[in-house]
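In what follows, a single structure is set out as structure tokens and then discussed.
By convention in this document, chain letters (A, B, ...) are assigned in the order of the sequence lines, proteins followed by strands, and residues within each chain are numbered from 1.
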Amino acid sequence: MNSKKTLTRLLVLLTITGFSACYPYGNDITYEDLDIALTQYDKDYYSPGAYNYFQDFQTFIVPDTVIHIIEDGVTDEISRDYDKYVIEQVHSNLLKLGYVEESDPEVNPPDIAVTVSVTTSEHIVYDWYPYWAWFYIFIKKGDRVSTTSDEDNYPWNPYYGYGTSYTYTAGTVILEMVDVAKVDESTEEIPVIWAGVINGAVGGPEDGLKSRLSTGIDRCFNQSPYLFK
Amino acid sequence: MKPLYYLTAVFFLVTSISFSQGTYLGGTYSIGIPLGGIENYISAGSFRGASFEGVKEINSKVAVGWILGWNVFSEKLVNEVYTDDNLTLTGTQFRYLNLFPILARGLYEFGELDGTRPFIGSGIGVTADIAKTNIGLFSFQKTGWHFTIAPELGIKIPLGYGSITGSLRYTYGVKTKELDNVSYLSVNLGMLWGE
């Protein structure tokens, strides 16, 4: 009978241990794995198989300032180290798409303007692993014995499980394409006809961050084939 | 949740008539091979699975029992493109499917009582389904209960105080409002202890 009990306990222990990592990949996720590129177009400008008014646009500008989106009254702590690099990437993608940069926009308004904004947010994640407690309860209920003494808890401690927490900063780059001819200065309405969002966790080596920004911006344009001329 | 109540009742009924003569209690390690329903979501096989089971032999040929199982399917899809209307999203997806079958089980056993016993049978019950997709820093989860049938064939080989058991089980859970149907083949190998 004792051997049966021991074997059953061993089976339970092995199973719980095996499934304590029931979400594989947890330890080998890279920063790149957490990056996404999201795009959305205005359906008045493009409908697959019906019309594509993006093709009517020829010239563009990219304002030379990256807008940092922060809450009112909060100091802007977002680094400007990558602003120039991001603008260059957007600029080169628009040229690759076949658009022509307008060199004198004050005299000749461009067809489209692509603005770049950046925002960050802090996140705290709490994890809790109570499975040792489950094990304890299972065994004790099976024996019809209930005790919380240290001796009886051994070796199933820690009785209450354990928790971890970590903090990460999420960074978001927002690209917005504006139909310049439709800007209404009286109502201050700016028609955004296409938007691209690059989102991911901030961190890792500097070269890696540049590469991730570049990849994200490329993806936004590459996954929007209706913009190609 | 209604199916869970029925299954809990069946579980306790089966448990209450068990654990006398000709009863076995044990567990198996389970390898899962995704089939229709699952393979649209996760195509990779799973080496993460286990089940606990109890069996009572009613006579020399027929046995009833229960199974509490857990199979975890997962897959990493690099730079998967998802399109919905005018929105396109590219990112690496981590997909996880946790399935917990809770089954009442009937078996027909061949061979001598104290010898090697091949068996065929079927389980009926529910499967709890937790389908989770992580993409970027975002996570989406759907949960549901599938009404489930699970035909199987296997073998029980006496060894010391118990038996080694192996089985091949096809688990099919019907579609729910939120989730597609699930079906998978599992190869199960483990031990049963009893008298």
Side-chain angles (χ1 to χ4, degrees), chain A residues 1 3-8 10-12 14-19 21-26 28-30 32-48 121 123 125 138 168-172 194-202 215-216 218-220 222-226, chain B residues 19 23-30 42 44 46-54 68-100 130 132 134-139 160-162 190-195:
Chain A
M1 196 64 186
S3 64
K4 275 170 63 179
K5 197 191 295 179
T6 306
L7 284 167
T8 306
L10 184 63
L11 191 69
V12 173
L14 285 171
T15 305
I16 292 170
T17 306
F19 281 97
C22 68
Y23 290 110
Y25 315 118
D28 55 1
I29 293 177
T30 64
E32 286 80 1
D33 287 335
L34 299 176
D35 293 341
I36 59 165
L38 175 74
T39 53
Q40 189 173 25
Y41 60 83
D42 185 334
K43 289 195 269 188
D44 288 342
Y45 283 76
Y46 174 63
S47 176
S121 55
H123 300 267
V125 178
F138 181 87
Y168 69 88
T169 303
T172 306
W194 175 90
V197 175
I198 301 112
N199 176 271
V202 177
T215 301
D218 289 349
R219 268 191 199 138
C220 281
N222 291 337
Q223 70 188 31
S224 307
Y226 41 86
Chain B
F19 312 123
T23 60
Y24 299 91
L25 183 67
T28 62
Y29 169 66
S30 177
I42 292 172
S46 161
F47 290 94
R48 291 164 186 258
S51 68
F52 294 99
E53 58 187 71
L68 302 177
W70 189 1
N71 289 88
V72 183
F73 294 89
S74 62
E75 191 163 34
K76 177 181 179 180
L77 301 170
V78 177
N79 297 329
E80 188 78 355
V81 179
Y82 169 79
T83 302
D84 182 17
D85 195 18
N86 61 339
L87 190 144
T88 303
L89 174 64
T90 303
T92 297
Q93 293 186 17
F94 294 89
R95 296 179 177 180
Y96 306 98
L97 187 67
N98 280 267
L99 297 174
F100 304 88
I130 305 172
K132 184 175 183 180
N134 291 343
I135 177 166
L137 300 169
F138 304 93
S139 186
Y161 287 107
M191 289 291 294
L192 293 172
W193 293 279
E195 298 163 355

Handout entry: With B:Ser30 via side chain to side chain donor-acceptor pair (under 3.5 Å) - residues at least two apart
Key = B:Asn71, B:Asn188
Problem - Side chain to side chain, A:Ile36 and B:Leu89, heavy atoms closer than 4.5 Å - result: yes
Problem - Between A:Thr30 and A:Asp33, a side-chain donor and acceptor under 3.5 Å - result: yes
Problem - Polar side-chain atom of A:Thr172 near backbone of A:Asn199 as donor-acceptor pair, under 3.5 Å - result: no
Fill in the blank from the handout: Residues passing the side chain to side chain donor-acceptor pair (under 3.5 Å) test with B:Thr88, sequence neighbours excluded, are none
Practice task
Under 4.5 Å heavy-atom distance to chain B, tell me which part of A:Asp35 shows up: side chain, backbone, both or neither.
Solution key: backbone
Exercise for the section: Answer with side chain, backbone, both or neither: which region of A:Tyr226 has an atom nearer than 4.5 Å to a non-hydrogen atom of chain B? Expected result: neither
Problem - chain A contact via B:Asn134 - which portion, at a heavy-atom distance below 4.5 Å - result: neither
Fill in the blank from the handout: Checking heavy-atom separations under 4.5 Å from chain B, one finds in residues 40-47 of chain A A:Gln40, A:Tyr41, A:Lys43
Practice task
Indicate whether any N or O donor in one side chain lies under 3.5 Å from an N or O acceptor in the other, for A:Trp194 and A:Thr39.
Solution key: no
Exercise for the section: Check whether any side-chain heavy atom of B:Leu97 sits under 4.5 Å from a side-chain heavy atom of B:Glu75, and report yes or no. Expected result: no
Exercise for the section: Under the side chain to side chain donor-acceptor pair (under 3.5 Å) rule, collect the residues that match up with A:Asn222, sequence neighbours excluded. Expected result: none
Practice task
Could you look at B:Tyr82 and say if it's the side chain, the backbone, both or neither that has a heavy atom under 4.5 Å from chain A?
Solution key: neither
